[in-house]
Amino acid sequence: MVAKRLKNHWQLVRLATKAAATKNAADVAATPYAVAVSMVLDRVEDSRATLRVALRNNRVLVAKEILTEIYDTEYALQVRIDQLDQCDWGVASKP
């Protein structure tokens, strides 16, 4: 319900990280809102698939918007969660 009201999906990361004691990935994963990070990562995967379709169909402006969304989301994840690439979320999100 919250995800539908947000303009940008990366804002869900704030929900998970605000409840954590630190920015460490293990601390974030221990919060009740950790599922929000998984939701954001799923959204990034969906966006990547949509980006591929847009590029195949020469929809450059649409692809630009999608790519900007992906970049903003990945930046938010890296800034808000320390050691993301070393945890299960980071390993699962690598293309």
Side-chain angles (χ1 to χ4, degrees):
M1 186 164 69
V2 173
K4 291 180 182 179
R5 294 187 172 251
L6 296 176
K7 183 176 180 183
N8 299 310
H9 294 281
W10 60 263
Q11 292 172 332
L12 273 174
V13 175
R14 287 185 176 168
L15 181 64
T17 57
K18 284 288 187 182
T22 68
K23 290 173 49 176
N24 190 326
D27 290 338
V28 174
T31 68
Y33 303 110
V35 70
V37 175
S38 297
M39 291 170 60
V40 170
L41 291 173
D42 286 343
R43 179 65 182 162
V44 168
E45 284 303 314
D46 292 344
S47 295
R48 286 178 179 158
T50 306
L51 176 63
R52 284 186 208 103
V53 171
L55 289 173
R56 280 189 205 124
N57 294 323
N58 289 327
R59 303 287 313 259
V60 178
L61 294 178
V62 173
K64 179 185 172 193
E65 291 175 18
I66 296 167
L67 190 57
T68 301
E69 178 185 325
I70 291 170
Y71 174 80
D72 290 344
T73 303
E74 289 185 352
Y75 179 77
L77 286 165
Q78 291 173 355
V79 168
R80 306 285 296 181
I81 303 174
D82 289 340
Q83 302 171 350
L84 180 65
D85 58 339
Q86 298 169 0
C87 71
D88 290 339
W89 288 321
V91 173
S93 69
K94 290 182 181 176

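None of these values were measured; they are calculated from a predicted model.
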Exercise. For the hydrophobic clusters of this structure (ILVMFWY residues joined by side-chain heavy atoms under 4.5 Å, transitively), does one cluster hold both L55 and I70?
Worked result: yes
Joint hydrophobic cluster, V44 plus M39, side-chain heavy atoms closer than 4.5 Å: no
**Q.** Minimum heavy-atom distance between A54 and I66, given as atom pair plus value
**A.**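 Shortest heavy-atom separation between A54 and I66 comes out as CB-CD1, 4.4 Å.
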All heavy atoms of V28 vs all of T31, minimum pair found to be O-OG1, 2.8 Å
Salt bridge (Lys or Arg N to Asp or Glu O under 4.0 Å) filter on R43, not counting sequence neighbours, yields E69
Heavy atoms of other groups near R59 CZ, more than 12 under 6.0 Å: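 Not more than 12 within 6.0 Å, no.
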Tell me whether K23 contacts the main-chain N or O of V79 through its side chain, where contact means a donor paired with an acceptor under 3.5 Å. yes
From [X] atom [atom1] to [Y] atom [atom2], the distance as rounded to the nearest 0.5 Å:
| X | Y | atom1 | atom2 | result |
| --- | --- | --- | --- | --- |
| R52 | N57 | CZ | CG | 14.0 Å |
| D27 | T17 | CG | OG1 | 11.5 Å |
| R56 | L51 | CZ | CG | 10.0 Å |
| D72 | L67 | CG | CG | 9.5 Å |

Check this for me: does any side-chain nitrogen of one of E74 and R48 sit under 4.0 Å from a carboxylate oxygen of the other? yes
Begin from the C-alpha positions of L77 and L41 and carry the test side chain to side chain contact (heavy atoms under 4.5 Å, CB included) through to its verdict. CA-CA 9 Å; L77 286 165; L41 291 173; 3.6 Å; yes
If the condition is side-chain hydrogen bond (donor to acceptor under 3.5 Å, both in side chains), which residues does T50 pass it with, not counting sequence neighbours?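 For T50 there are no side-chain hydrogen bond (donor to acceptor under 3.5 Å, both in side chains) partners, ignoring immediate neighbours.
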